[in-house]
Protein chains: 2
Amino acid sequence: MPSSPLAMPSHLEELIAALRCLPGVGPKSAQRMAYHLLQRDRAGALHLAQALELAAANVRHCSKCNNFSEYEICALCASAKRDAGLLCVVEMPADLLMMEQTQCYHGMYFVLMGRLSPLDGVGAKELHLDRLVKRAREQPHEEKLAEVILATNFTVEGDATAHYLATLLQAQGIKVSRIARGLPVGGELEQVDSGTLAQAILERREIAA
Amino acid sequence: MPSSPLAMPSHLEELIAALRCLPGVGPKSAQRMAYHLLQRDRAGALHLAQALELAAANVRHCSKCNNFSEYEICALCASAKRDAGLLCVVEMPADLLMMEQTQCYHGMYFVLMGRLSPLDGVGAKELHLDRLVKRAREQPHEEKLAEVILATNFTVEGDATAHYLATLLQAQGIKVSRIARGLPVGGELEQVDSGTLAQAILERREIAA
């Protein structure tokens with residue numbers, strides 16, 4: 001969108017360009033956001049500026065679970081209430097939040113911050129998988145690691161990552177599981193895609209008599 | 001979306017909350033944006049913070065046309081190349097940009113920064129319509145105001161605003177026009193909505209013999 005040099009002040013133009021760093025924000029939305037902030041919410045704009053600076057300066061990665069944290073060890077890893085015998089591997093912090101919302105998992109986590117994706121140049125090294133293996137091996141003796149649960153996405157890349165991790169961890173003598181695939185709660189056979197239904201058939205569970 | 005207090009550092013939580021000030025950004029997108037910035041684009045986050053502060057501090061409204069400007073009088077109003085005898089009234093700065101992109105209008109502008117919308121509490125006072133009338137009346141004599149072109153949107157509110165402004169300006173003896181309604185360029189009768197077609201019939205133009 002070529003803009004007339006007369007029609008827009010440069011600081012406004014720069015703000016629109018800077019907003020483009022947000023994912024999913026194109027030129028039109030960036031323009032709409034900038035106009036909204038300047039016209040209706042300058043306090044919000046200043047607050048956002050401060051929040052961005054604080055977060056960029058203070059948020060780093062937990063040295064144990066790799067999740068975002070303000071401290072060397074995050075609150076979840078430091079908590080005495082969690083079951084240190086279980087380790088769940090997820091792709092992203094958002095996945096960890098989803099796991100926490102189920103309120104049915106009380107173990108520890110490891111956040112990959114991505115997935116194996118050779119086409120994008122993301123290999124085992126880029127994902128720091130050595131840190132995950134180290135993390136699994138260096139489990140203190142009094143808290144034996146009973147199981148690693150692989151909760152990467154059921155996409156091609158997530159599945160490949162889970163497969164790779166399973167091989168890696170089983171080689172260390174660690175029990176590895178994968179979260180279940182099947183029909184969603186409330187799912188109807190008529191509505192579900194055939195791939196999911198095929199998996200649900202293959203991974204069927206015997207009903208205890 | 002309730003978040004586990006253990007799962008998220010507070011600066012991250014504050015950043016997600018602050019991103020909600022952007023129009024069209026809900027809790028999920030705000031989270032995705034914050035993760036993206038912290039994980040992949042911290043430089044972009046700091047750059048955005050700076051752009052927000054600079055724009056909030058420096059961008060104000062042009063005292064002549066009410067558009068965003070860094071100066072008392074914006075570059076467009078100060079330009080000697082524009083036809084001071086024409087004044088085009090638009091709702092938003094984005095509309096002014098669209099007008100400029102046509103490259104077929106070379107007059108001045110007045111940006112309402114909104115539209116009459118009684119349900120949202122936006123009346124003539126909130127839109128500073130007195131400033132528009134003052135602007136139209138105080139035209140210097142050597143640059144007689146030949147015409148005010150109303151280019152508000154063809155929505156109910158935009159039409160009402162245009163109607164109100166026409167009455168107001170005609171009372172001052174000023175010639176007022178409205179941009180044309182009709183089929184878009186490349187438009188086909190079969191595809192267009194009946195309201196637009198009805199207007200195109202009503203506002204038909206005689207073809208010079």
Before giving the answer on side-chain contact (heavy atoms from CB on, under 4.5 Å), spell out for B:Leu22 and A:Val25 the whole-Å C-alpha distance, their side-chain angles and the decisive distance to 0.1 Å. CA-CA 11 Å; B:Leu22 298 170; A:Val25 175; over 6 Å; no
Are side-chain heavy atoms of B:Cys21 and A:Leu37 found at a separation under 4.5 Å? yes
Taking OH in B:Tyr164 as the centre, count heavy atoms belonging to other residues, nucleotides or ligands within less than 6.0 Å. Is the count above 12? no
In terms of heavy-atom pairs under 4.5 Å, which option from A:Ile16, A:Leu38, A:Leu19, A:Leu46 contacts chain B the most? A:Leu38
Would a 4.5 Å heavy-atom cut-off, applied to side chains only, mark B:Leu52 and A:Leu15 as touching? yes
The interface call for B:Arg20 against chain A, heavy-atom contacts under 4.5 Å, is neither
Taking the side chain as every heavy atom from C-beta outward, state whether A:Leu97 and B:Gln31 have any pair of such atoms under 4.5 Å apart. yes
Heavy-atom side-chain proximity of A:Leu12 to B:Glu70 below 4.5 angstrom: no
Which atoms of A:Ser10 come close to chain B, meaning under 4.5 Å heavy atom to heavy atom: side chain ones, backbone ones, both, or neither? both
Part of B:Met92 within contact of chain A (heavy atom distance under 4.5 Å): side chain
So A:Met8 and B:Leu96, do their side chains get closer than 4.5 Å, heavy atoms only? no
Most heavy-atom pairs under 4.5 Å with chain A, out of B:Pro93, B:Ala43, B:Gly44, B:Ala34, belong to B:Pro93
Options A:Pro23, A:Ala45, A:Cys62, ranked by heavy-atom pairs under 4.5 Å with chain B, top entry: A:Pro23
Exceeds 12 heavy-atom contacts within 6.0 angstrom, atom OH of B:Tyr71: no
For the atom pair NE2 (B:His11) and CG (A:Asn58), what is the distance rounded to the nearest 0.5 Å? 4.0 Å
Pair listing, side chain to side chain donor-acceptor pair (under 3.5 Å) test, anchored in residues 33-53 of chain B, at least two apart: none
